[in-house]
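Sequence lines set the chain letters: A, B, ... in the order given, protein chains first and strands last, and positions in each chain run from 1. Worth knowing before you read on, the calculation uses all heavy atoms, side chains too, and leaves out hydrogens, waters and symmetry mates.
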Protein chains: 2
Amino acid sequence: MPAIQPDQAAVAQQIRHLQDTLYVVNGKWKLPILVAVHQGTSRFRDIQRSVPGITTKVLSAELKALEQNKLVVRRVYDTSPPTVEYTTSPYCATLQTLIQEMIAWGKNHHDRLREE
Amino acid sequence: MPAIQPDQAAVAQQIRHLQDTLYVVNGKWKLPILVAVHQGTSRFRDIQRSVPGITTKVLSAELKALEQNKLVVRRVYDTSPPTVEYTTSPYCATLQTLIQEMIAWGKNHHDRLREE
DNA sequence: ATAGCTGGCATCCTTTAGGTAACTGGCATC
DNA sequence: GATGCCAGTTACCTAAAGGATGCCAGCTAT
């Protein structure tokens, strides 16, 4: 029987972890929303204005998904009219270095394309 | 006229950078493929085996996209039969910290879910 | 000779992400 | 009393991503 190849097993494991992350943050909108909310934008319409191009429907769905993954917290205040406030959870802070990395890479990549 | 709000402008800029990155790296497969190739898997069928569940059609398309974004290099050797070799470009190395971050986060997230 | 490997391509189909538009109910404003 | 803001929901639709299957041509090992 062939020997188990630890390299390949390790890589397969890494790929699985990567896919777990992708499962949570995949799509066009989740990370941009997180940036906006983390920065302090807490109201639905304000978030929508902060993330250019997003529609109410998509924003609503994405916020629900983020809430389910415990990255944002939704609070409803019993004012009149009811106020809804979105904030990032403490757990969301663990994504911050990743997000900063992506912002930096995107900036660099953009500059690089302009040079060509 | 209202004052320009530097915070909001800065956040909008960050979101744009983030979206530039997502444009390159978004989707279910690109980063996993990059991990496999970067680790040294260079042949088409080997890459396919390394990324569980991917089909030839999708792999082929993703490799082309990655090649266009200068993240992988495709070399054809004039052997018989022709050998095709995929490698990561030097530019791809700039994504490595990001990828490692995502792997680490995914692992942590997975562990966290198991604890609940 | 025949089975299997290589690096894919072609065709067809399903699923999902995302977009458009209209609408709600309660309040404030003009 | 009409308009507009808030925080969404609903129904419908398109485009893109992804999946299943079969195939090719040239080589190799049995």
What one-letter contact string describes nucleotides 1-19 of chain C from 5' to 3', where B marks a base within less than 4.0 Å of any protein heavy atom, S marks contact via sugar-phosphate atoms alone, and - marks no contact?
-----SBBB-BB-----BB

Could you give me the CA-CA distance, side-chain angles and deciding distance for W105(A) and Y23(B), then say whether ring pair (Phe, Tyr, Trp, His ring centres under 6.0 Å) is met?
CA-CA 12 Å; W105(A) 196 89; Y23(B) 183 79; over 10 Å; no

Within this structure, what is the [atom1]-to-[atom2] distance between [X] and [N], rounded to whole angstrom?
| X | N | atom1 | atom2 | value |
| --- | --- | --- | --- | --- |
| L63(A) | dG8(D) | CG | P | 8 Å |
| I33(A) | dA7(D) | CD1 | C1' | 15 Å |
| L59(B) | dA17(D) | CG | C1' | 15 Å |

Identify whether the distance between the nearest side-chain nitrogen and carboxylate oxygen of [X] and [Y] falls below 4.0 Å.
| X | Y | value |
| --- | --- | --- |
| K107(B) | D111(B) | yes |
| R49(B) | D46(B) | yes |
| E62(A) | K30(A) | yes |

Joint cluster assignment, V72(B) & V76(B), ILVMFWY side-chain distance < 4.5 Å:
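Both belong to a single hydrophobic cluster.
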
So what is the 5' to 3' dot-bracket string for DNA chain D, if pairs are Watson-Crick or G-U wobble with both distances under 3.5 Å, crossing pairs use [ ] and | means the partner sits on another strand?
|||||.||||||||||||||||||.|||||

Does Q13(B) reach the side chain of I103(A), with side-chain heavy atoms less than 4.5 Å apart?
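Q13(B) does not reach I103(A) side chain to side chain.
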
Taking only residues two or more places apart in sequence, or in another chain, which ones meet H38(A) in a ring pair (Phe, Tyr, Trp, His ring centres under 6.0 Å)?
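Checked H38(A) against ring pair (Phe, Tyr, Trp, His ring centres under 6.0 Å); zero matches.
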
We want to know whether R45(A) and Q48(A) form a side-chain donor-acceptor pair, criterion being a heavy-atom distance below 3.5 angstrom.
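A pair is found: one side chain offers a donor N or O, the other an acceptor, under 3.5 Å apart.
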
If you measure from the C1' atom in dG8(D) to the same atom in dG4(D), how many Å do you get, rounded?
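So the two C1' atoms sit 16 Å from each other.
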
